[in-house]
Asker: 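Below you'll find the structure I mean.
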Amino acid sequence: MNIRYFAWVRERVGVEEETIEVPGGVKTVADLISHLKTLDDNHAAAFEEEDAIRVALDQLHVEADTDLGDAREVAFFPPMTGG
Amino acid sequence: MNIRYFAWVRERVGVEEETIEVPGGVKTVADLISHLKTLDDNHAAAFEEEDAIRVALDQLHVEADTDLGDAREVAFFPPMTGG
Amino acid sequence: MQVQPLVRIQAADFDVAAETLRLTAGRKDVGALVTFTGLCRDEAGTLDALELEHYPGMAEAELTRIAEEATGRWPLTGLSVIHRFGKIAPGENIVLVVTASAHRRAAFEAADFLMDFLKTRAPFWKKEHLVSGAGGAWVDTRAGDEKDAARWSSS
Amino acid sequence: MQVQPLVRIQAADFDVAAETLRLTAGRKDVGALVTFTGLCRDEAGTLDALELEHYPGMAEAELTRIAEEATGRWPLTGLSVIHRFGKIAPGENIVLVVTASAHRRAAFEAADFLMDFLKTRAPFWKKEHLVSGAGGAWVDTRAGDEKDAARWSSS
């Protein structure tokens, strides 16, 4: 699965994009976040303030309890500040 | 007193502007309208739909019961349709 | 610190870009700029032109009163109102309002407020000249206009 | 008959007059045109530039979704949204929304709605670069933004 990071989430993780193997037990966005936090200190730091993280599944905003389904791309980022 | 007319009020009265002597008993805008209606058929026709007429005293919107006071200019016109 | 609004009544067309630049050039305190342009419409294809009559003197005075009410109510960095008079063909500009502020809500609300009050209080009247040459009618007030203006007294 | 909005994400500045003309030229059905321009502010004089990061692909898609929601809700004759990315200096443009309609309420409300949802849903993030050269911070969300967007679900 392709994972993308933006803004300070990207800075904390240290990469813009990565492809990871999703373990069998990971069904929802929240499951994926829990898994990512175990990868290393950078990921753990990026997802420390979990409530501040927004998620898009195949470029659509979703909530943490959303099933990953067949999504090819998941993106994590802080609340938006455009405009 | 200087009287000005605009839009269809002007067209019905037949003049843009006129100066009239205000009789002693005329105190308010409504009194003035009653007086103007007696001048001729054109004035009577202009003020027939009295509720549709708006009034400005020295270029300030006022209601019919407003005292004429020392006003130098009274204007009569239909509801505004600018913008 | 309240800004002095620019109010102009003119027969000539206006340049929205120039009026916008007037409120933003060389500044770093404008975060939001709203322009409202009112144009002459003619969906039916029967209109030759609108003729805009106004009350010289009072038109400027009343627009200034409305504009100053807006600069008093919202923290604006600039406000301009330009209203044309005379014959205006379909597709042409009639009125321009530009509001500038640090914040978007103030810019939006002030422009909206200004148009609502301009419609009901500024001494302008529209007469239609028809393509057929028939004597056109004076445009009637829209029932919604008074209601739009009334929105601002409850807030 | 719903219009197809124009959505662009670009590094370059935009030309408000050209974008306005795109929605009005040769038409007689536009009675009201509203533009909203969001600019980079720096009252304190400490900001060198804002850096706008975006999510390519999703930024276009999300702005198109918001714009289509607006054209579905209001009877618009045209709608354009342009959002810049990259480094933007104080005083420069960041975002443009243009709405055109027969009636002013639709044009105002659609532009207002679009900005509220753009702020809370379009995937853009601002980072400050300071004049001092010190590492700037990511701009925080404004508490009022979520409230502004929530206004539209009750109506």
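In what follows, chains are A, B, ... by sequence order, proteins preceding strands, each numbered from 1.
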Asker: Any carboxylate oxygen within less than 4.0 angstrom of a Lys/Arg side-chain nitrogen, looking at A/E48 and A/R12?
Answerer: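 Result for this pair is no, no salt bridge flagged.
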
Asker: Tell me whether the count of non-hydrogen atoms from other residues, nucleotides or ligands lying under 6.0 Å of CD in D/Q10 goes above 12.
Answerer: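 Atom CD in D/Q10 is packed in, count exceeds 12.
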
Asker: Does the side chain of A/T28 reach to within under 4.5 Å of the side chain of A/T66, using non-hydrogen atoms?
Answerer: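 The answer is no; the side chains never approach within 4.5 Å.
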
Asker: Under 4.5 Å heavy-atom distance to chain A, tell me which part of D/R65 shows up: side chain, backbone, both or neither.
Answerer: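 Side chain of D/R65 only, per the 4.5 Å heavy-atom cut-off to chain A.
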
Asker: Among D/A61, D/A137, D/A122, D/G38, who wins on heavy-atom pairs under 4.5 Å with chain A?
Answerer: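 Greatest number of close heavy-atom pairs with chain A: D/A122.
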
Asker: Check whether D/K127 gets within reach of chain A through its side chain, its backbone, both or neither, counting any heavy atom under 4.5 Å.
Answerer: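 For D/K127, the contact with chain A is made by the side chain alone.
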
Asker: Need one label for D/T120: side chain, backbone, both or neither, based on atoms under 4.5 Å from any heavy atom in chain A.
Answerer: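 Just its backbone gets close to chain A.
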
Asker: According to the interplanar angle, ranging from 0 to 90°, do the rings of A/F77 and D/Y55 count as parallel (below 30°), tilted (30 to 60°) or perpendicular (above 60°)?
Answerer: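 Answer is perpendicular, since the angle exceeds 60°.
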
Asker: At a 4.5 Å cut-off on heavy atoms, which part of D/D140 comes close to chain A: side chain, backbone, both, or neither?
Answerer: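 Backbone only.
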
Asker: So for A/R4, is it side chain, backbone, both, or neither that comes closer than 4.5 Å to the heavy atoms of chain D?
Answerer: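 Just the side chain, heavy atoms under 4.5 Å.
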
Asker: Quickly, which of A/E18, A/R10, A/E17, A/E16 forms a side-chain hydrogen bond (donor to acceptor under 3.5 Å, both in side chains) with A/Y5? Name it, please.
Answerer: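 Testing each of A/E18, A/R10, A/E17, A/E16 against A/Y5, the sole residue satisfying side-chain hydrogen bond (donor to acceptor under 3.5 Å, both in side chains) is A/E18.
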
